2 protein chains.
Amino acid sequence: MVSTAILHPAISAPPIETGLTSLFEQLGVVTAFRPEEEVCAQDEANDVVYLVLSGAVRSARLLSDGRRQISGFYYAGDVLGLATSLFHQPAVEALVDTRTIAVRRSALPHFGLPGERLERLLWRATSEELARVHDHMMLLARKSAVERVAGFLEDIAQRAGGDWVFLPMPRQDIADYLGLSIETVSRMLTQLQGQRLVAFDGCRRFRICASARLARLLAA
Amino acid sequence: MVSTAILHPAISAPPIETGLTSLFEQLGVVTAFRPEEEVCAQDEANDVVYLVLSGAVRSARLLSDGRRQISGFYYAGDVLGLATSLFHQPAVEALVDTRTIAVRRSALPHFGLPGERLERLLWRATSEELARVHDHMMLLARKSAVERVAGFLEDIAQRAGGDWVFLPMPRQDIADYLGLSIETVSRMLTQLQGQRLVAFDGCRRFRICASARLARLLAA
DNA sequence: CGAAGTATTGACCATTATCAAGCGTCGTGG
DNA sequence: CCACGACGCTTGATAATGGTCAATACTTCG
């Protein structure tokens with residue numbers, strides 16, 4: 001899939017200012033996934049990183065007794081597969097119809113300048129994800145159920161950017177992301193609606209009504 | 001490892017196999033800290049990474065109302081400062097007498113081959129820390145108090161490697177790392193001692209007595 | 001329209017936090 | 001060397017938060 005670039009190092013000649021997406025487009029392979037499909041083959045894990053072009057993806061770890069923890073949701077523009085571990089490979093699955101571009105880390109040094117640029121950008125992306133995950137640890141360890149759910153809605157609304165926001169994941173995934181039971185998530189959503197902080201249209205579409213009061217609740 | 005030779009032919013001559021520590025030693029600056037001293041100046045944050053030579057360090061985030069989350073403890077051989085965030089700089093403090101080597105990320109591209117090697121090793125270290133942090137999120141979100149405390153002792157004993165292990169941090173730090181109250185940590189320690197899984201000699205020195213039974217409790 | 005899968009609500013219970021004493025341990029000074 | 005004091009740790013009683021189990025209500029799709 002990548003061998004053409006190795007055979008034609010000429011493409012490394014023009015040192016254009018390039019962002020993540022265009023570098024991925026130069027060096028990677030596009031794939032499409034249906035909902036519930038496995039994005040990441042086990043044997044590729046630890047070497048392949050993915051840029052999400054469209055759709056949404058979840059990354060989860062399972063304990064032998066069934067307890068599950070979702071380590072993150074990834075949307076268009078996010079990079080996936082930055083964590084590497086010899087044990088505990090996460091299960092990475094598409095939530096909705098999704099397209100990704102994949103590149104192998106180990107191939108990057110052979111791509112000349114664009115490969116180097118991408119390596120640096122990916123290191124930076126990894127460092128930034130680490131910081132985000134630290135925030136999430138604070139949420140899991142020290143925040144109440146309402147704060148967690150409110151924070152989650154805030155986050156996702158921020159990223160989506162529109163007025164009404166679509167939730168691509170079921171309640172169980174939200175619960176497993178926030179370290180709560182599905183019932184508690186549901187109750188907190190009802191509570192937030194009762195306080196007119198958010199409004200739902202069905203159980204997958206919502207809107208933030210009072211972002212100032214919501215922010216006050218989040219006590220960062 | 002191939003393309004670097006192309007990009008820097010002048011320095012490509014001695015292809016020595018170099019590890020993290022020796023690269024840090026080539027490129028970094030050693031500093032010593034007393035207990036409770038701030039390791040990381042705020043204005044350097046996000047650019048400087050540290051290798052811990054000896055001692056122990058904690059990295060903590062604070063919420064405005066006083067809630068604290070310790071994102072990690074770092075011992076000799078660990079790399080510190082891999083997470084970058086424009087908001088939420090963590091407070092990084094020495095737990096005991098500590099020596100570190102610091103290097104600036106932004107300086108690495110100017111160091112030729114050793115700089116490149118170090119960049120790649122640091123990216124790898126960042127990816128591995130991300131995986132460890134995912135494990136910790138699972139612990140915070142889904143494990144019971146006993147499991148957390150037992151897992152913590154197991155972890156630290158693993159790293160220390162000896163028979164008797166010294167805890168460089170007070171109970172409050174353990175609590176803030178595990179997302180528990182100090183009282184619960186204390187109770188769980190008493191419980192584990194009652195089951196003869198661990199033994200304490202004072203409150204800072206312990207030993208794992210029944211690692212098999214302890215592992216069974218950890219239900220990974 | 002009906003059935004299956006999701007989501008919500010309610011009643012009750014378990015776990016952990018909080019508040020308040022009491023106990024050790026270590027360092028200091030008599 | 002021992003007594004005292006300060007700090008950190010442990011223990012106990014009680015309360016709050018969130019989990020579990022069970023029933024009901026949506027929604028989505030055939």
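None of the values given here were measured: they were computed from a predicted structure.
The main-chain N or O of B:L180 is found under 3.5 Å from a side-chain atom of A:R142 such that the two form a donor-acceptor pair.
A:Q69 is not listed as a side-chain neighbour of B:L140, based on a closest heavy-atom distance of 4.5 Å or more.
Rounding to whole angstrom units, CZ of residue B:F200 and C1' of D:dG8 are separated by 14 Å. Straight-line distance from the CD atom of B:Q193 to the P atom of C:dG24: 14 Å, rounded to whole Å. With rounding to whole Å, B:R67 atom CZ is found 13 Å from C:dA17 atom P. Atom CD in B:Q191 sits roughly 14 Å away from atom P in D:dT10 (whole-Å rounding). B:R171 places its CZ atom 19 Å from the P atom of C:dC23, with the value rounded to the nearest Å. The distance between atom CD1 of A:I174 and atom C1' of C:dT6, rounded to the nearest whole Å, is 12 Å. Separating the CE atom of B:M169 from the P atom of D:dC7 is a distance of 22 Å, rounded to the nearest angstrom. Whole-Å rounding puts the B:D173 CG to D:dC7 P distance at 17 Å.
How far CG of A:L218 is from CG of B:L63: 10.0 Å, rounded to the nearest 0.5 Å. Atoms CG and CG, from A:L122 and A:L20 in turn, are 6.0 Å apart once rounded to the nearest 0.5 Å.
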Under 4.0 Å protein heavy-atom contacts per nucleotide of nucleotides 17-30 of chain D, with B for base, S for backbone only and - for none: -SSBB---------
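Defined by atom type and a distance below 3.5 Å, a donor-acceptor pair is missing between the side-chain atoms of B:R105 and B:T84.
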Test salt bridge (Lys or Arg N to Asp or Glu O under 4.0 Å) applied to B:R58 and B:D176, step by step: CA-CA 11 Å; B:R58 70 162 179 248; B:D176 287 343; over 6 Å; no
